[in-house]
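Here the structure comes first, spelled out in structure tokens, and everything after it is commentary.
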Amino acid sequence: MVVIPSNGSLEQNGHLLTGIIFGLISGLSYSGTIMTVNHLKNDYSGTAQLFWSTFISLIILVPFASNVPEAILLPNLPILVMFGLMTTAFASLLYLNSASKINAQTVSVLALLEPVSGIIFGFFFLHEPIILKTVQGCIFILFGACILVWDYRTVQTYGMKGPFVSFQTALKRRLLNIPRITFMLLSGRF
């Protein structure tokens, strides 16, 4: 619902299917990043991991920098520097330092907030339209993230009134009743 908001048709925009394929490949490689960071967190700090990954990326991508004409590069250089500092340096440093302190499953659940925040930032800063299906997709993403992190341990952490079972137990016992859970959340029984 977030990716294909135009009545589910891939034919309206010739680049949409290519973008979706690249997005899927990006998601798969992102999971490799999470596993690599989790594997290296005992030996390297988040800052060291960021330095070496950025350095290797720089070596690989430097040949492509010569393809940009100087007339285009110079006026856009301040924006590119800000883009590099905010999205690459600052965000990656926060991500890698947090990933070195928590497990890979939690990092991937927190990464689910990325597409939702991208849609919100796109709306506010780039004035991209948000339609109902996009909002529905964002709600599904956020609800899925809640399901993934919500288990019996949250009862003690947040002082919820029991009884409460984990999502896995609810599936096994066929206790998962979304309307009932929604009613209990809205009425304050949790």
Side-chain angles (χ1 to χ4, degrees), residues 1-35 37-38 79 82-83 86-88 90-92 94-96 98-99 102-190:
M1 289 185 170
V2 172
V3 175
I4 313 173
S6 58
N7 299 326
S9 174
L10 292 174
E11 301 301 323
Q12 290 183 353
N13 185 352
H15 298 293
L16 184 62
L17 182 59
T18 306
I20 290 172
I21 291 170
F22 284 152
L24 290 172
I25 294 170
S26 170
L28 290 173
S29 62
Y30 185 69
S31 66
T33 301
I34 292 172
M35 291 186 301
V37 167
N38 197 35
I79 295 171
M82 185 60 101
F83 178 72
M86 291 300 294
T87 62
T88 304
F90 183 67
S92 296
L94 289 177
Y95 169 76
L96 290 170
S98 68
I102 55 181
N103 61 16
Q105 181 179 359
T106 308
V107 172
S108 29
V109 169
L110 293 174
L112 289 173
L113 300 176
E114 184 180 348
V116 176
S117 62
I119 290 167
I120 292 170
F121 291 149
F123 174 73
F124 284 115
F125 296 115
L126 303 175
H127 308 291
E128 293 179 353
I130 295 181
I131 59 175
L132 181 61
K133 286 186 180 182
T134 305
V135 173
Q136 290 171 337
C138 290
I139 290 170
F140 283 136
I141 289 171
L142 295 174
F143 186 65
C146 288
I147 288 174
L148 288 172
V149 298
W150 201 333
D151 62 6
Y152 68 93
R153 293 170 288 203
T154 58
V155 173
Q156 292 128 9
T157 305
Y158 297 110
M160 294 179 186
K161 299 172 190 145
F164 190 77
V165 295
S166 70
F167 182 68
Q168 293 83 4
T169 306
L171 284 178
K172 288 178 189 172
R173 295 184 191 167
R174 298 174 192 244
L175 298 175
L176 186 62
N177 185 339
I178 300 298
R180 180 176 164 266
I181 291 171
T182 306
F183 173 75
M184 291 179 80
L185 284 171
L186 294 175
S187 65
R189 293 189 184 178
F190 280 132

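- Here the CD1-OG distance, from I21 to S26, works out to 13.5 Å after rounding to the nearest 0.5 Å.
- The side chain to side chain contact (heavy atoms under 4.5 Å, CB included) test with C138 singles out one residue from I130, I120, I119, and that residue is I119.
- Atom CD of E114 is separated from atom OH of Y30 by 5.5 Å, given to the nearest 0.5 angstrom.
- With values rounded to the nearest 0.5 angstrom, F83 atom CZ is found 6.0 Å from T88 atom OG1.
- Residues L24 and L28 fail the side-chain proximity criterion, which asks for heavy atoms closer than 4.5 Å.
- For E128 against F123, the heavy-atom pair with the smallest separation is O-CD1, 3.2 Å.
- Crowding of F90 atom CZ: a count of heavy atoms from other residues, nucleotides or ligands under 6.0 Å not exceeding 12.
- For the pair L113/L142, a side-chain contact is recorded, criterion being any heavy-atom separation below 4.5 Å from C-beta on.
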